[in-house]
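Presented below is the structure to which this report refers.
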Amino acid sequence: MKTLYLKADDPAAVCTAAKILRDGGLVALPTETVYGLAANALNPEAVAKIFAAKGRPQDNPLIVHIASTDSVAPLVEKVDERLPLLAERFWPGPLTVIMKKSALVPDAVTAGLPTVAIRMPSHPAARAIIKECGLPLAAPSANTSGRPSPASAGYVLADLDGKIDAVVDGGECEVGVESTVLSLAGEVPVILRPGGVTPDELREVLGEVEISPAVFSALGQGEKPQSPGMKYKHYAPRAAVTVIKGNFDKYKAFLDAQNTDVCAVCFYGEGKYFSRFVEYGGKNDSASQAKHLFDSLRKVDEMGCDAAFVRCPDTDGVGLAVYNRLLRSAAFRVIDLDISIPVYGLTGQTGAGKTTVGRLLEEKGMKVIDTDLLARKAVENPDVLSRLTAHFGEDILKDGKLDRRALARRAFANEEDTKFLNSVTHPEIVRLTVEEIHSAEKAGAKAAVIDAPVLFESALPCVCDRVICVTADEDKRLERIIKRDGLSVGDAKKRMGAQKDEADYISRSDIIIENNDLDLMKAQVNKIFS
Ligand code: TXA
Ligand code: MG
């Protein structure tokens, strides 16, 4: 199919688009939020084409777009008495309202739900086209399902060129994130998706308004969302996204510590500190963040980055919508660098006795975090696993579960693949580690100790206030690992030889604990951590 490109300011565009829609075709059109992929909402076959073009899951209902409030009544069982108040204040504009549907609305639009979502967009081109064709238009965002929504016509074509009849280019979308979805199906109005209209604005009109818990957190397994669109992952670029909480200095230190090629997704004026970056808005300007968020996420992919770290926005006003979209594009990977207890890194060569030192520190009220364990847990994360299988192929799975050996064979075969593995797993390992630090904090631990043999190969030093290195003479270490792991002298020496030398560890550490003799070691620990 050839996709017709129409300019919104071309006088013929409205008629052409309306005709295609009346004939059951698909037209991507500009709205003030994001581009929508429209079809006649009253024609199930036309609606089915939307799902096919986007690759949209069948259980995710569509929003019906109208151009006049009179169009609501035929679509709903009964016009809710709160609707006129909302329409008066927010329509046309970025608010979608959910009410019980009438028989006129096909099940194809509502994915079988008894309710229908309705909105009146304010973009002049969208309004003109709806009026001209005289039909309610079902329109989801005009992106391939799962990808960031398009805020400009170019990104519509990037996903859907050749799959839809036409696109109407009306320039950049004003709001940039999708409409607020508000359910009036129950007694208390519930925000199912935050958007251009803020909770406070809605409360001014309605009084009590709830925010669905799905706005902030992933659904548990088997849990059914109130709004099917709020499923696990969404709005995601190909790069693995992680949201970073904390001030700019912490963010910068964190990014500087990454040893893979990452992209900083930061605020205006901050990009100059990074080699690869996208600035997505002003620090204290949620509206500008909303406007550029999705295009910024797409730019990350255009730059060819495997991982992106995003500065966390404020959640006031429209910021809530920005945060909500980021959480989903990051598959809920958030790292909060605001830590209130001291954090120590604990490392050293094999056989030096880190574990013994760790146990002593634990007796002193510190929490020791085992990163080996977390590294294993990281690859169980569904987002991590799906990224790894997308890259390495299904061969790394056995009975649907990760086959660690197969992964190691593939990932360590060459440097590029190892780099990719790290770019996907490291942020998750760091996230899990920081999560443990925060739970230690809550549990009243005096400090957190990150036990990591490969601390310096990871980004973890940047969350450590100080790094402790445990040392022991070579013959001691050899004796210990032979005894502990039942190795031959040859194998033990090989393992020791594969590590960096002691001087390297020492030069990068703040506290050195010599562990040739248990009592002498204890004395040092007691002195340092008295
Ligand atoms: O700003 C917008 O709302 C854009 C523009 C194009 O209008 N449209 C948009 O549509 O974002 P879409 O399909 O990407 O998102 C619609 C959201 C989904 O989360 C869907 O699950 C939810 O609205 N939704 C639609 N009908 C619903 C219903 N009856 N009950 C609950 N949620 C519903
Ligand atoms: Mg969408």
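Indexing begins at 1, ligand by ligand and atom by atom, following the structure's order.
By the 6.0 Å and 45° rule, Arg325 stacks over the aromatic ring of Tyr235.
Contacts of Lys101 with ligand 1, taken as heavy-atom pairs under 4.0 Å, are absent altogether. Contact annotation for Leu192 and ligand 1: only side-chain heavy atoms (C-beta onward) come within less than 4.0 Å of the ligand. In Ala139, the part holding a heavy atom less than 4.0 Å from any atom of ligand 1 is the backbone.
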**Study point:** side-chain contact (heavy atoms from CB on, under 4.5 Å) evaluation trace for Leu388 with Ile396
**Key:** CA-CA 8 Å; Leu388 294 177; Ile396 62 161; 3.8 Å; yes
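Compare Pro150, Ser179, Pro61, Gly36 by their heavy atoms: the one nearest to atom 24 (N) of ligand 1 is in Pro61. In the candidate list Thr33, Leu29, Ile98, Thr33 is nearest to atom 1 (O) of ligand 1, counting heavy atoms.
Taking only nitrogen or oxygen atoms, main chain and side chain alike, Tyr35 does not reach within less than 3.5 Å of ligand 1. Residue-to-ligand polar distances place Arg119 within reach of ligand 1: an N/O pair is separated by less than 3.5 Å. The shortest N or O to N or O distance between Thr115 and ligand 1 is under 3.5 Å. Residue contacts with ligand 1: Thr31 is placed with no nitrogen or oxygen under 3.5 Å of a nitrogen or oxygen of the ligand (distance criterion only).
Look at Ser141 and the Mg ion (ligand 2): an N/O/S atom of the residue is under 2.8 Å from the metal.
Comment: Asp301 does not engage Arg298 in a salt bridge, judged by the lack of any side-chain N to carboxylate O separation of less than 4.0 angstrom. Between Arg333 and Asp383 there is a salt bridge, with a side-chain nitrogen of the basic residue lying less than 4.0 Å from a carboxylate oxygen of the acidic one. Salt bridge Glu45/Lys49: absent, no basic N to carboxylate O contact under 4.0 Å. Using a cut-off of 4.0 Å between Lys/Arg side-chain N and Asp/Glu carboxylate O, Lys401 and Glu380 are scored as not salt-bridged. Here Asp161 does not pair with Lys2 in a salt bridge; the nearest charged N to carboxylate O distance is not below 4.0 Å. Salt bridge status for Asp395 with Arg410: absent, with no side-chain N to carboxylate O gap under 4.0 Å.
For ligand 1 and Leu113, the ligand atoms under 4.0 Å from any heavy atom of the residue are 28 (C), 29 (N), 30 (N). Within ligand 1, counting atoms from 1 as listed, the ones closer than 4.0 Å to a heavy atom of Ser141 are 8 (N), 9 (C), 10 (O), 12 (P), 14 (O). Residue Asn60 approaches ligand 1 through these ligand atoms, each under 4.0 Å from one of its heavy atoms: 18 (C), 20 (C), 21 (O). Atoms of ligand 1 lying under 4.0 Å from any heavy atom of His65, numbered from 1 in the order shown and given with element: 5 (C), 6 (C), 7 (O).
Taking a 4.0 Å cut-off on heavy atoms, Arg56 registers as neighbouring ligand 1.
Of the candidates Val197, Thr31, Val318, Val34, Pro94 forms a side-chain contact (heavy atoms from CB on, under 4.5 Å) with just one, namely Val197.
For the 3.5 Å distance criterion, the side chains of Asp295 and Tyr155 fail to qualify, holding no donor opposite an acceptor.
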